[in-house]
Amino acid sequence: MKKLVEKIKKMDSKYKVLFFRWWFSAAVCFFIVWGTSLGSQETTLDLIFFLGLGMGIGNLFIFNPIISSVFDIERRGKIANKKMTERSIPEGIFYMLSEIFKSMLAVYIVSWIYEGINILINKIGNYPSEHVGFPVEPISYAIIFVIIYSILGFIWDLIVILYEKVFKKGQDKVTNEENI
C-alpha cells in the first residue's frame, strides 16, 4: 500500500487532474442522466443540451476552482491557474462562455460517438435501429468526454498560440518601424 501511495504522490499533476476530470464527468453524467427524467426521454436533444450545460457550469464553478487551488496547471508554457484572479471583466466573461461552449461541444461530439457505436452494434448484430446496445453510463461517458474535452483544449491552445504568434509578429513590426 505504501508503494502505491508513493507512486501516486510522484505522479505528474496533469495525470491527477485528468483522473479527477474523469471522476467529475462521471458524477455529472450520473446525476443528470440517471438522476433526472432527461435520460429516459425518447429524444436526446434535451439530454445533450442540459448535460453539456451541466458539464460547462460544473467545470466552471466547481471543478476548475478546486483543481486550480490544488494543482499548478501548465498551459502554453505558463501556469494557467495563476491568471484566474488577474483577468479583466471581458476576459472573464469570454473565459466563462468559452468553457461552457467547449463542454457543450464535447458533449455533442460524445453523443455522436455513442450514436455511431450503437449504429455499428445494430449493423453487426442485425438488430432493429431502435435497439440501444451501448447505452449512456457514467464510466464510458466520462472516458469519451475526457478524451474529446482534452482534444478540444489542445486545439484551442494551438489556436491561441498561432494567434499570439501572428499578433506578436505584427506588434514587433510596428515597434521596429517606429524605432527606425
Notebook entry, point to check: Is there a path of hydrophobic side-chain contacts, each under 4.5 Å between heavy atoms of I, L, V, M, F, W or Y residues, that connects W34 with I143?
Noted result: yes

Checklist line | Nonpolar side-chain network containing L45, other nodes, edges under 4.5 Å | finding: none

Notebook entry, point to check: Taking all atoms of both residues into account, what is the closest heavy-atom pair of P138 and A26, and its distance?
Noted result: CB-O, 3.4 Å

Check: Which atom names give the shortest non-hydrogen contact between L152 and K102, and what distance separates them?
Finding: CD1-O, 3.7 Å

How would you list, by chain and number, every residue that makes a side-chain contact (heavy atoms from CB on, under 4.5 Å) with [X], sequence neighbours excluded?
X: I113; answer: I109, I117, I144, I148
X: L47; answer: I32, V33, L38
X: S88; answer: P90, E91

Check ring pair (Phe, Tyr, Trp, His ring centres under 6.0 Å) between [X] and all other residues, then give those that pass, not counting sequence neighbours.
X: F101; result: none
X: Y15; result: none
X: F20; result: none
X: W23; result: none

Margin query: Within a 6.0 Å radius of atom CZ on F134, are there more than 12 heavy atoms belonging to other residues, nucleotides or ligands?
Written below: yes

Check: Just wondering, more than 12 heavy atoms not from L162 lying within 6.0 Å of its CG?
Finding: yes

Checklist line | Of all pairs that satisfy side chain to side chain donor-acceptor pair (under 3.5 Å), the ones with a partner from residues 104-116, not counting sequence neighbours | finding: Y108-W112, Y114-S140

Check: Excluding sequence neighbours, so at least two apart, what forms side-chain hydrogen bond (donor to acceptor under 3.5 Å, both in side chains) with S103?
Finding: N59

Next item on the list: Could you tell me which residues satisfy side-chain hydrogen bond (donor to acceptor under 3.5 Å, both in side chains) with Y141, sequence neighbours excluded, listed by chain and number?
Entry: none

Notebook entry, point to check: Between Y149 and M55, does a side chain to side chain contact (heavy atoms under 4.5 Å, CB included) hold up when you go through it step by step?
Noted result: CA-CA 11 Å; Y149 187 86; M55 289 300 303; over 6 Å; no

Measuring only between side-chain heavy atoms, which start at C-beta, is [X] closer than 4.5 Å to [Y]?
X: V160; Y: K165; result: no
X: P128; Y: N122; result: no
X: M11; Y: F19; result: no

Note to self: Once ring-ring contact (aromatic ring centres under 6.0 Å, His included) is applied, what residue pairs with a partner in residues 43-69 remain, sequence neighbours excluded?
What the structure shows: F24-F63

Checklist line | side chain to side chain donor-acceptor pair (under 3.5 Å) evaluation trace for Y127 with N118 | finding: CA-CA 10 Å; Y127 297 115; N118 280 314; over 6 Å; no

Notebook entry, point to check: How far does CD1 of I119 sit from NZ of K123, to the nearest 0.5 angstrom?
Noted result: 7.5 Å

